[in-house]
Q: 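My questions all concern the structure below.
Given the structure is predicted, the values throughout are model-derived calculations rather than measurements.
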Amino acid sequence: MNGRKVKGGILDVPVFTVSVTLILVLVLALFTFPSATSAAMQNAFHFVVDKLGFIYTWAGIMSVVGVLYFSFSKYGKIKFGEADEKPEFRDFTWVATLFTAGIAAAILYWAPIEWVEYYKAPALGLEPLSWEAAEWSGAYTFFHWGIIPWALYTISALPIAYCYFVRKTPVLKVS
């Protein structure tokens with residue numbers, strides 16, 4: 001944490017308490033009423049996907065627009081650090097580091113199995129587990145590794161970086 005002192009310690013008690021409480025309630029519900037909790041979670045999932053899926057699409061598009069705006073407007077000139085401070089890394093090194101950090105977990109977790117999901121349940125009316133589904137699943141996987149996910153990562157990282165490096169807040173959190 002760059003040697004910065006954190007007032008009151010490093011634990012954000014309200015955020016921690018709410019998070020742990022929600023997790024414990026969910027785990028307790030899953031153990032106590034597994035079928036009902038599973039059905040409720042599936043209903044919530046389908047509601048979000050079927051009724052609110054367009055919000056994710058627009059959030060991705062607006063993230064790309066936001067990144068372009070922040071990059072090419074006056075806000076793109078804000079330096080993250082002291083005014084006279086030289087950058088710790090060159091641009092290429094910084095981009096390579098961000099790329100590696102941003103995609104590593106996704107590649108390790110999702111990339112090896114994503115195509116299977118599309119193969120088992122393809123879109124566009126294709127027959128599951130068919131040759132056409134196999135071809136489509138391999139191609140469609142590439143849509144998750146484009147500019148929209150990177151814009152989403154960037155939009156969420158900007159306020160954290162600004163608060164930490166410009167405002168000198170001692171913790172890394174969006175709030």
Q: For the pair Ser137 (side chain) and Val116 (backbone), establish whether a donor and an acceptor sit closer than 3.5 Å, ignoring hydrogens and angles.
A: no

Q: Supply the atom-to-atom distance Phe47 CZ to Leu52 CG, rounded to the nearest 0.5 angstrom.
A: 4.5 Å

Q: Between Ile61 and Phe54, is there shared hydrophobic-cluster membership here, with clusters defined by ILVMFWY side-chain heavy atoms closer than 4.5 Å?
A: yes

Q: Can you tell me which residue pairs pass the salt bridge (Lys or Arg N to Asp or Glu O under 4.0 Å) test with a partner in residues 46-75, sequence neighbours excluded?
A: none

Q: Using the ring of each side chain (for Trp, its six-membered ring), is Tyr153 parallel, tilted or perpendicular to Trp150, with breaks at 30° and 60°?
A: perpendicular

Q: Which label fits Tyr162 and Phe80: parallel for a plane angle under 30°, tilted from 30 to 60°, or perpendicular past 60°?
A: perpendicular

Q: State which residue, out of Thr154, Ile155, Ile148, fulfils the side chain to side chain contact (heavy atoms under 4.5 Å, CB included) condition with Leu152.
A: Ile148

Q: State the OG-CG distance between Ser71 and Leu158, to the nearest 0.5 angstrom.
A: 8.0 Å

Q: When rounded to the nearest 0.5 angstrom, what distance separates CD1 in Ile78 from CZ in Phe165?
A: 14.5 Å

Q: Side-chain heavy atoms nearer than 4.5 Å, only ILVMFWY residues, links allowed to pass through others: does that put Phe70 and Val65 together?
A: no

Q: Taking C-beta and beyond as the side chain, do Tyr56 and Val48 meet within less than 4.5 Å on heavy atoms?
A: yes

Q: Measuring from Leu68:CG to Ile147:CD1, what's the distance to the nearest 0.5 Å?
A: 6.5 Å

Q: Could you please spell out the steps behind the side chain to side chain contact (heavy atoms under 4.5 Å, CB included) verdict for Met41 and His46?
A: CA-CA 9 Å; Met41 291 175 71; His46 288 296; over 6 Å; no

Q: Just jot down the ring pair (Phe, Tyr, Trp, His ring centres under 6.0 Å) partners of Trp136, sequence neighbours excluded, or say none.
A: Tyr118, Tyr140

Q: Measure the OG1-CD distance between Thr37 and Gln42 for me, rounded to the nearest 0.5 Å.
A: 11.5 Å

